[in-house]
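Residue numbering restarts at 1 for every chain, and letters A, B, ... go by the order of the sequence lines.
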Amino acid sequence: MFEDFHLASILVATIRNAPVLMFAALAGLFAERSGIVDLALEGKMLAAAFVSAAVAYATQNPWLGVLAGVGISVAVAMLQGFVSITQKGNQLVAGIALNIAISGLTFVLAQFFFAQGGRTPDLGQARLFDIVLPGSALVADIPFLGWFYTQFLGGHSALVYLAFALIPVVHWIIYHSSFGLRLRAVGENPHAADAAGVSVEATRFMAMLCAGVLCSFSGAYLSLVQSGFFLRDMSAGNGYLALTALVFGNWRPLHTALGCLMFGFFAALQVQIEGVTFPGVGKIPGSLIQMIPYVITVIVLAGLMAKSVAPKAIGLPFVKSR
Amino acid sequence: MNNSDLPRWATALLLPLLNLLSALLVAALVIYLLGENPLESLSILINAAVLNPEGLGYTLFYASTFIFTGLSVSVAMQAGLFNIGSEGQMYLGGLGITLVVLALDASLPSWILIPLALVASAVFGAAWAYLPGYLQAKRGSHVVVTTIMFNFIAASLMNFIIVAYLIPAGQQNTASRIFADSSWLPKLNAVFPILGETPLNISFVLALLALVIYGIAVWRSAWGYQLRATGLNQHAAHYAGISITKTIVVAMLISGALAGLGAVNSLMGSTHYLNLNFPAGAGFIGIAIALMGRQHPIGILLSSILFGALIQGGFDLSLEKPNIPPETFIFIQGLIILFCGSMENLYAPALSACFKAKSTFTTRKSDV
Amino acid sequence: ADPKLAVIYDAGGKFDKSFNQSASEGAERFKKETKIGYMEVQVASDTQTEQVLRNLARKNVDLIAAIGFAQSQAVQNIAKEFPKTKFVLIDGVASGDNVSSVLFKEQEGSYLVGVAAAMATKTKKLGFIGGMDIPLIRAFVCGYAQGAKSVDPKIEITQNIVGSTSSSWNDPAKGAELARAQFERGVDVLFAAAGGSGMGSLQMAKEKGKLAIGVDSNQNALHPGTMLTSMVKRVDQAIYDSFMQVKNGTFKGGISNKGLKESGVDWALDKDNRSLITPEIEKRVNAAKQDILSGKVKVIDSREANKCPV
Amino acid sequence: MHAAVEFQHISKRFGAVQANRDVSFAVAPGSIHGVIGENGAGKSTLMSILYGYYHADEGQLLIHGQAQKIRNSQQAIQLGIGMVHQHFMLVENMTVLDNVMLGSEGGFRLAPKRSLVEAKLREISQRYALDVDPLARIEDLSVGVQQRVEILKQIYRSANILILDEPTAVLTVQETASLFDVLRLFKAQGKTILLISHKLQEILDITDEVTVMRAGAVVGSLHTANTSKEELATLMVGRPIETHLPRAPYAPGATVLEVRDLQLRNQQQLSLLKDINFSIRAGEIVAIAGVSGNGQSELLEIISGMRLASAGSMHFLGKELPVAHRKDADGLPAEFRALGIAHVPEDRLRDGVIKNFSVMMNSFLGYQNQVKKRFGLLDFSSILKNCRALLTQFDVRPADPDLRIGLLSGGNQQKVVIAREIAAQPKLMLVGQPTRGVDIGTIETIHAQLLAMRDAGVAILLVSVELEEVRALADRILVISGGCITGELKAEEFDATRIGLLMGGLHKS
Ligand SMILES: Nc1ncnc2c1ncn2[C@@H]1O[C@H](COP(=O)(O)OP(=O)(O)OP(=O)(O)O)[C@@H](O)[C@H]1O
Ligand SMILES: Nc1ncnc2c1ncn2[C@@H]1O[C@H](COP(=O)(O)OP(=O)(O)OP(=O)(O)O)[C@@H](O)[C@H]1O
Ligand SMILES: [Mg+2]
Ligand SMILES: [Mg+2]
């Protein structure tokens, strides 16, 4: 049965699967480390996916699409910030509400503009294409190295590289920059931060800004890289999965990214398990194979992980009162 | 709270009303941009969802399910747990009903079969919530994560079970066979003929009963006191001798049972068979309802009815106005949750300025 | 007077690039030719189906077309309640004289595209991507496999499904990813029966320069050059026909099972895939078609057999 | 010369509560100015207004003679104002260094400044004898050290006007002394200090002037040199304070609690408690004195059932209590309470009350299974009646059962907790730091109630870092140090110096 598993292809697929979650999870990390529960990752992702695709199609330029996606996602994040920070509203409600509203609105708009059932037309040449590393042709035929250079390292879209590059950057910002220090303080004990002269509101808005920017790449990745068009509800639960990775990673950048890679890996593995005949068991029905990544997550969470400890002030609006 | 210097009735009625109006205003704008008359649309919607008795029947029918899922999420929330898994628990609750009914509907009379099926739905729902609850209590595995995972697992499991075992031979439809009518819940139109042909059935009465029991259990019983204490301050709860582990597990079991009961309305009251993806998001709507209704029985009831009305009215409206796709109402739902559920203080400053001019009446009561 | 007509799409919606869309095309063609309009509705749950069916029946609609097997039970209930109203049910069976249940022999059409795929593959590895693991989708893959193996029994078929929630029909990213994984494992022709998710698979095939087969409606035009063919299921024709019958007063209830013979299913050959279909392929596929029509080859329906022979 | 700070007609209300009413007084530059008053008198509110945390409804502030609108803490900091809050304002999971840098990072990259600040902190903690490790995490530090971190922060920021809100409430005598040394140094440097305290002796020892507040208003500003404890107390409370409370002669009854060979090790197998042996008899108050962090908190938790010991035994009225042989302590406090063990926890906000519950709902926390029920449900009318009685008996202000308890001042919260535990009529009462942050009038009430319990034959175990309190209440004193009991004294043998030595672990009796 083992010859059925193509490790190389699983690894490459893992790299491709992870960015959707990675961008969103890192976005969530900024929001949540600052004390704002970000249930609206799904919504921001979907809004960015739609706007990126629509603008890329209209301008035939994917980068303008990405840029527009950033714009809309930041706008949603700021609305979320207005509700959660300025209005001191319930952050969970705001998140869920935005997800629901955006799910409906993107369909209505897509239908209004393109009349294809909440879908944008195919982007064709306006997609983001994979980057071929220089010299790929030379090494392509060398065993292992060829694969390693052209498929493992190379052959991905620019956004994939961005996703991986962001991990150390986010880690550095969170732990080694003054903004990160304020962010962590505001999420842990906003009263202390306030007393120290840090504006809790400004810091949280900055965090939401970062979240908006990062999350938009998730959406752009869905529509401009993975599919080549926008389809209603195409975020398909990835926002929630990213949140899971974030909790799983204990709100730390490296662990969270690892969690995303784990989800990517099991999704890739699951694809390959389908149709494999297992000794003694036979073929596992497709519907049961679908649950593998989720079962493993629960097992890992229950068995290996220490308790995850959320930032203490998460979900609590900052109110000056006892 | 910011609005502490508003009279109670203003906080309880006027503010939500203003927020609802704001949401509708935004919705009206969208409807206008889609090329329809917002006022006319609104009147169609209200007529279809509330004024027309049959429409009202449908509204309450949808609300019955939402009350259960809303309660499910609320109970867990009282214990400080965010149960996102009501959807999966409801799905499994449906399996419980189906197994009991399929096995026994030929042999048992209604008066045994129906209670048995109700119990089965609760037991199956609770069982599906048990593991996330146990893992949270004993291992600290975050219940948000595990319940999301359990939703996916439930979907796969149910897909497998339905396709492999429940579809009658040679059938296309991914659904079980039809239940015998000994398992059908009595419809309310038998008592109120004015409701016409609506599937509204006694599960609405059950839902109201559940709301009352929930209200009493949470706010009037020692158990509810312990539940809320655990949710608000685990250190103090431990000091008070409350077993945190037990409280969490029991809260999740009850939450799961309520979600499981959410399956009763559509399976035993309307479709009379189990089909693929039958919860259709009712578990997730339960989250919105619990949050918007502030986990309070009356709040849950009102938001369930609001959601039921939006689904029913929106559906009819999109029938009449082809320019308004049904998805518009998903957007409007989101808007209403946003305005009513998380921006309750939007108009408080302005309003209290109004009131300050008139009186100095103040309340500063706690919210418990 | 003109008959009152209505179409009810199931949760997939009018634009699912699949059988709902096909139904709407049929209705549209009827409207264009006869200038007789029709109503359309999309339902989200089985309860709503019953509600809308009853509403339409009360408004004295003459014919209601219910698309998708999920509406079977509701049609059966309402057809009994309103014996004067006529119904056409696609993909499902409901009893009643006023109901015309239209089933399709998806396995036969799939058999043909399986033959074409087997002829076109160089690697002897074919792919299949389904939306969910349900009987309808299993019938597709089973017919496809029978066709492919009739050409070369050694051909391998890799199959994946997108998921088990309703978003499985709306997840083009996953559809693309599955296609990509299959290509990496050597597949060079794939057949996608996964609604919106399948769009991602077809797109990926184009990107990777592999061949893909569309489903339900003729999807060849989506990516000319990499779309080998499409397994067309003439829901449009069924709707068009029943609308016409109502108009002409020739409507009859009953179950019809439309296969190749009844032109219910077929493979698509047009200008968009002309260049990909070599004379050998065309010959072989048409031969297979003849064999099925003549009864020489019997394509097994996994839904009836409850399992697939290959 | 202008006053460093001048309050002019400051008023502030929260809903129905007038926290400050027309407050006016001036603080001379380079002086230490005391602010005293009962719990809830409005001291913290006034200081928070000065620090920009709250905004006054009326009145204005002059800083060095200039009228200033201080809208937030950033502006206060810019004006050279620093504040050490009543509840520490530290981010617990960060290091001392990060806490000090927070808000004054000086650049986007932390690294370059980090090493500079670290060096500076080491230098400061040397110079002021503060002894704080800049790289330690706050949550690993004892409250005394956390207090020093707050001071360190202010020194680092070179605040000119320093507000200290009850800085000594959690400090030992020694810690207080060294804090005051620092404050005198500040004064010598020309800094102005506003000091809030409930300990009148401290006020007399260190301040130059003192302002007394009652019910939100200033009732007097005096030169410290010209006043006395009695005068201040009378001004504060509006009546003279009785410092020597009557008590019955020492006549202990049967043994109530017997603790044998109690051991406690943490997860790293470090010993937190070693060979603890003692007993308490009915009608006596046994005090455990010691510098905080020496195991007395853990001991109290074990005896109350909140935590399990590693080994040893406890007998309550002859009955063995579960101590070590159990999976966890989940639910154990209820069992202990049912036997008649009541517990006033050290950390009332964390353990003792649920902030979002009303006073009434807190009035039976822990006794939720014992309170009166009707038809199996909580009988709120009788609960409310009992609660009202308690509020009156213990003079809780405001006596509103429906108020969210988080809105009460600390002293009043404490009164609710003690009232609740006393009302349970226990046989053994565990009391941790009962008067921390509580005003002298309330201290008198609480002490009187505890003594009345003792006289009624209740066994009381008191844990306090306050030697004055130990002297006032205890019949016997156990001194704890490093997890061991290092000595035992009778009340009449009370000797602060000897106890001090035992607390330092120097003597073994
Ligand atoms: N106060 C600090 N001073 C200097 N460096 C720090 C400080 N806090 C964190 N860092 C740096 O950040 C890194 C991560 O710190 P820590 O181990 O606390 O985080 P973590 O929770 O393990 O997060 P992750 O593993 O995701 O980075 C440390 O290796 C250290 O280099
Ligand atoms: N944010 C707030 N909301 C409502 N009431 C408040 C708030 N802050 C303080 N109060 C009330 O204002 C009054 C003054 O409180 P403050 O904290 O200033 O007293 P204090 O003199 O510092 O008391 P303590 O000695 O107990 O610290 C109290 O009655 C308190 O309950
Ligand atoms: Mg680390
Ligand atoms: Mg104070």
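- Of the atoms belonging to V353(D), it is backbone heavy atoms, and not side-chain ones, that fall under 4.5 Å from chain B.
- With a 6.0 Å radius and a threshold of 12 heavy atoms from other residues, nucleotides or ligands, L339(D) has its CG atom above the threshold.
- Contacts between A329(D) and chain B at a heavy-atom distance below 4.5 Å involve backbone atoms as well as side-chain atoms.
- For the pair Q146(D) (side chain) and I138(D) (backbone), a donor-acceptor distance under 3.5 Å is present.
- Taking 4.5 Å as the heavy-atom cut-off, the residues of residues 330-337 of chain D that approach chain B are D330(D), G331(D), P333(D), A334(D), R337(D), ordered by number.
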Practice task
Take T147(B) and M252(B), measure what side-chain contact (heavy atoms from CB on, under 4.5 Å) needs, and give me the verdict at the end.
Solution key: CA-CA 10 Å; T147(B) 49; M252(B) 280 304 283; 3.9 Å; yes
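- The part of Q226(B) that comes within reach of chain D is its side chain, from C-beta onward, which places non-hydrogen atoms under 4.5 angstrom from that chain.
- Side chain of Q136(B) to backbone of L81(B): no donor-acceptor contact under 3.5 angstrom is found.
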Practice task
Output, in order, the C-alpha distance, side-chain angles, deciding distance and verdict of side-chain contact (heavy atoms from CB on, under 4.5 Å) for I405(D) and V359(D).
Solution key: CA-CA 5 Å; I405(D) 202 165; V359(D) 170; 4.1 Å; yes
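- Of all residues in residues 419-438 of chain D, those placing a non-hydrogen atom less than 4.5 angstrom from a non-hydrogen atom of chain B are R420(D), E421(D).
- Across S86(B), S74(B), S72(B), a single residue satisfies side-chain hydrogen bond (donor to acceptor under 3.5 Å, both in side chains) together with S255(B), and that is S72(B).
- Paired with I302(D) under the rule side chain to side chain contact (heavy atoms under 4.5 Å, CB included), one option of L308(D), L273(D), L321(D) passes, and it is L273(D).
- Under the 3.5 Å distance criterion, with hydrogens and angles disregarded, a donor-acceptor pair is assigned to the side chains of Q89(B) and N83(B).
- Contacts of F364(D) with chain B are made by both backbone and side-chain atoms, with heavy-atom separations under 4.5 Å.
- Using a 4.5 Å cut-off on side-chain heavy atoms (C-beta onward), I287(B) and F82(B) make contact.
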Handout entry: Stepwise side-chain contact (heavy atoms from CB on, under 4.5 Å) test for R228(B) and W219(B)
Key = CA-CA 9 Å; R228(B) 289 194 301 147; W219(B) 277 275; 3.3 Å; yes
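- For K372(D) (side chain) and I383(D) (main-chain N/O), no donor-acceptor pair under 3.5 Å exists by modelled atom type.
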